[in-house]
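Throughout, protein chains are lettered first and strands after them, A, B, ... in sequence-line order, and every chain is numbered starting at 1.
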Amino acid sequence: MKIATFNINGIKARIEALPEWLAAAEPDVVLLQEIKSVDESFPRAVFEDAGWVLETHGQKGFNGVAILSRLPLEDVVRGLPGDGEDLQARWIEATVVGKRAVRVCGLYLPNGNPAPGPKYDYKLAWMARMQARAEALLALEEPLVLAGDYNVIPQAEDAARPELWTEDALFLPETRAAFRRLLNLGLTDAFRARQPAPGQYSFWDYQAGAWEKNNGIRIDHLLLSPQAADLLLDARIDKEVRAGDKPSDHVPVWIELDA
DNA sequence: ATGGTCGGGTGCCGA
């Protein structure tokens, strides 16, 4: 089972590039972030006519997550539990039924800039809520994949120029500590485990020629429960997508599970 | 059009 995460930065803007990547990469499941669309205006037919099962959790203008799958999806949950007041569309879960059942969570973790400030407070509170949800799901002792745009640079080696990020919400010590607490629940950073070499990135800013300079960061992650890590066969970043026509500022990151 | 780049949805904000 090939499972990918891809921050597409707007479904309407990616309505050609996304289907092209799907056809070439042939994933079984894709967790999408920043669809920037309400559910009613998501171009469902483009994907359903191509054989995809689609579950969306959108909002007007910003954020929004979705799941595309070749396999049936069951028990869909929309929204990160733990705060009924939070209306931002940043979390979606479903169970994918293949050879094995795999619970997948697609997440768009808050950016948090500027830090300090209310946006950074929201980021840290959201990470605490995610920690509680991860604990609850890990207690089931089943294959679990938490995949998405974490807006976290885990270590200095995950940035081409870490000195540029020392005051940024993506790399502040408190951010990295919260991410580390997730890992310390027993989760595996699949890409780090399979591709330990530094200098591999999933995001390059549109500004200041970041792509041309390879001034990237690795912020899109797939974290695996022990039961999923046991099934891990491969993990890759589809870097070449960033050089395509009308690209997102993120590229797909994917794993292959024996499931 | 918004400085520098995009996207979405307006009549700038978020990233």
(request) Send over the distance from A:N7 CG to B:dG7 P, rounded to a whole Å. (result) 12 Å
(request) Apply side-chain hydrogen bond (donor to acceptor under 3.5 Å, both in side chains) to A:N111 and list each qualifying residue two or more places apart in sequence or on a separate chain. (result) A:N113
(request) Sequence neighbours left out, what passes side-chain hydrogen bond (donor to acceptor under 3.5 Å, both in side chains) with A:R103? Give chain and number order. (result) A:E93, A:T95
Please report, to 0.1 Å, the donor-acceptor pairs under 3.5 Å made by any side chain of residues 176-185 of chain A, with sequence neighbours excluded.
unit_1, atom_1, unit_2, atom_2, d
A:R176, NE, A:P154, O, 3.2
A:N184, ND2, A:R180, O, 3.4

(message) Heavy-atom nearest nucleotide on DNA chain B for A:I35 versus A:G209: which residue maps closer to 5'?
(response) A:G209
Using the [atom1] atom as the reference point in each nucleotide, state the distance between [N] and [M] in Å, no decimals.
N      : M      : atom1 : answer
B:dT5  : B:dT10 : P     : 25 Å
B:dA1  : B:dA15 : P     : 25 Å
B:dG11 : B:dC6  : P     : 23 Å
B:dG9  : B:dG4  : C1'   : 22 Å

(message) Can you list, by chain and residue number, the hydrophobic cluster partners of A:Y120 when the side-chain cut-off is 4.5 Å?
(response) A:L124, A:L172
(message) Over all strands shown, is A:I11 touching base, sugar-phosphate only, or nothing at heavy-atom distances under 4.0 angstrom?
(response) sugar-phosphate
(message) I'd like to know if A:L187 and A:W91 are part of one continuous hydrophobic network [Ile/Leu/Val/Met/Phe/Trp/Tyr, side-chain heavy atoms within less than 4.5 Å].
(response) yes
(request) Go through the structure and list residues passing side chain to side chain contact (heavy atoms under 4.5 Å, CB included) with A:D205, not counting sequence neighbours. (result) A:F203, A:Q207, A:A210
Write down the protein N/O and nucleotide N/O pairs, taken from nucleotides 13-15 of chain B, whose separation is under 3.5 Å; answer none if there are no such pairs.
none

(message) Quick check on B:dT10: is either OP1 or OP2 less than 4.0 Å from any side-chain nitrogen or oxygen of A:K60?
(response) yes
